[in-house]
Amino acid sequence: QVQLIESGGGLVQAGGSLRLSCAVSGRNASTSIMAWFRQAPGKERDFVAVITRRNEWTSYADSVKDRFTISRDNAKNTVYLQMNNLEPEDTAVYYCNFLRSISPPTVSESWGQGTQVTVSS
């Protein structure tokens, strides 16, 4: 059974930084494209960032471009999201998942619990 375990969220002031981690168990993360998503209160879950299997290519939602960086460590079966210059609009629960397709972003596993990020103004 595949498990996606997100961590690293918290409460931070605007302009601050957080680093999220997504630990994968039950599946070799290096075999697939992976992505981060987020869901703000009362809104749908939205795509944030994607990374290919060997870090060859990344892409970001316009709202986080130049502030967030996605990376992965296949030896640790973990994907990361470095978030800098955080804004109150980044407040959301953040999730990772495997992608079966990039456009549109389509996930292939059940969602984990996510990690809460709250940015105060």
Side-chain angles (χ1 to χ4, degrees):
Q1 181 179 356
V2 177
Q3 282 191 306
L4 301 166
I5 304 171
E6 300 93 348
S7 63
L11 173 63
V12 63
Q13 289 189 329
S17 298
L18 285 172
R19 188 194 194 204
L20 307 184
S21 298
C22 169
V24 179
S25 64
R27 178 174 175 177
N28 186 348
S30 66
T31 63
S32 182
I33 298 167
M34 295 200 70
W36 283 94
F37 295 78
R38 67 185 182 185
Q39 187 168 20
K43 296 187 177 181
E44 293 186 353
R45 189 155 15 208
D46 290 331
F47 166 80
V48 173
V50 60
I51 186 166
T52 50
R53 286 175 287 182
R54 296 184 183 85
N55 291 300
E56 311 99 316
W57 178 80
T58 59
S59 183
Y60 300 88
D62 288 343
S63 58
V64 307
K65 203 170 295 184
D66 298 325
R67 299 188 298 121
F68 290 12
T69 302
I70 188 171
S71 62
R72 66 193 300 163
D73 185 338
N74 288 334
K76 295 183 178 180
N77 231 28
T78 300
V79 179
Y80 303 98
L81 187 68
Q82 177 67 43
M83 307 187 297
N84 297 329
N85 195 20
L86 283 160
E87 303 170 352
E89 293 73 21
D90 296 318
T91 295
V93 179
Y94 285 71
Y95 303 87
C96 65
N97 212 314
F98 291 88
L99 289 190
R100 67 170 81 250
S101 70
I102 293 177
S103 183
T106 306
V107 302
S108 62
E109 299 291 346
S110 299
W111 296 103
Q113 294 298 307
T115 186
Q116 175 71 48
V117 172
T118 303
V119 185
S120 63
S121 57

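For clarity, every value in this text was computed on a predicted model and none was experimentally measured.
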Report task. First locate atom OH of Tyr94, then atom CD of Glu6, and finally report the distance between them rounded to the nearest 0.5 Å. Result -> 12.5 Å
Quick one: does [X]'s side chain have a donor or acceptor within less than 3.5 Å of a partner on [Y]'s backbone?
X: Tyr60; Y: Ile70; result: yes
X: Asn74; Y: Arg53; result: yes
X: Thr91; Y: Thr118; result: no

**Report entry** Over 12 foreign heavy atoms within 6.0 Å of CD, Gln116
**Finding:** yes
Query raised in the report: Any chance CD of Glu56 has more than 12 other-residue heavy atoms, nucleotides or ligands included, within less than 6.0 Å?
Result: yes
**Report entry** Verdict with reasoning, Trp57 to Ile102, per side chain to side chain contact (heavy atoms under 4.5 Å, CB included)
**Finding:** CA-CA 12 Å; Trp57 178 80; Ile102 293 177; 3.8 Å; yes
Smallest separation among heavy atoms of [X] and [Y], with atom names:
X: Thr52; Y: Ile33; answer: CA-CG1, 4.1 Å
X: Ser63; Y: Arg38; answer: OG-NH2, 3.4 Å
X: Ser121; Y: Ala14; answer: CA-CB, 4.4 Å
X: Arg72; Y: Ile51; answer: NH1-O, 3.5 Å
X: Ser59; Y: Phe47; answer: O-CZ, 3.8 Å
X: Val48; Y: Val64; answer: O-CG2, 3.7 Å

Query raised in the report: So which residues get pulled into Leu11's cluster when ILVMFWY side chains under 4.5 Å apart are joined, directly or through others?
Result: none
Quick one: side chains of residues 20-29, donor-acceptor pairs under 3.5 Å with protein atoms, not counting sequence neighbours, listed by atom name and distance.
{"residue": "Arg27", "atom": "NH1", "partner": "Ser108", "partner atom": "OG", "Å": "3.4"}
{"residue": "Arg27", "atom": "NH1", "partner": "Glu109", "partner atom": "OE2", "Å": "2.7"}
{"residue": "Asn28", "atom": "OD1", "partner": "Ser30", "partner atom": "N", "Å": "3.0"}
{"residue": "Asn28", "atom": "OD1", "partner": "Ser30", "partner atom": "OG", "Å": "2.7"}
{"residue": "Asn28", "atom": "ND2", "partner": "Ser30", "partner atom": "OG", "Å": "3.3"}

Query - Leu99 vs Val107, side chain to side chain contact (heavy atoms under 4.5 Å, CB included): CA-CA, chis, key distance, verdict - result: CA-CA 4 Å; Leu99 289 190; Val107 302; 4.0 Å; yes
Query raised in the report: Do the ring planes of Trp111 and Phe37 sit parallel (below 30°), tilted (30 to 60°) or perpendicular (above 60°)?
Result: perpendicular
Query raised in the report: Does the side chain of Ser17 come under 3.5 Å of the side chain of Asn84 through a donor N or O and an acceptor N or O?
Result: yes
Query raised in the report: Do Glu87 and Asn85 have side-chain N/O donor and acceptor atoms under 3.5 Å apart?
Result: no
Query - Cation-pi check, Arg19 onto Tyr80 ring (under 6.0 Å, within 45° of axis) - result: yes
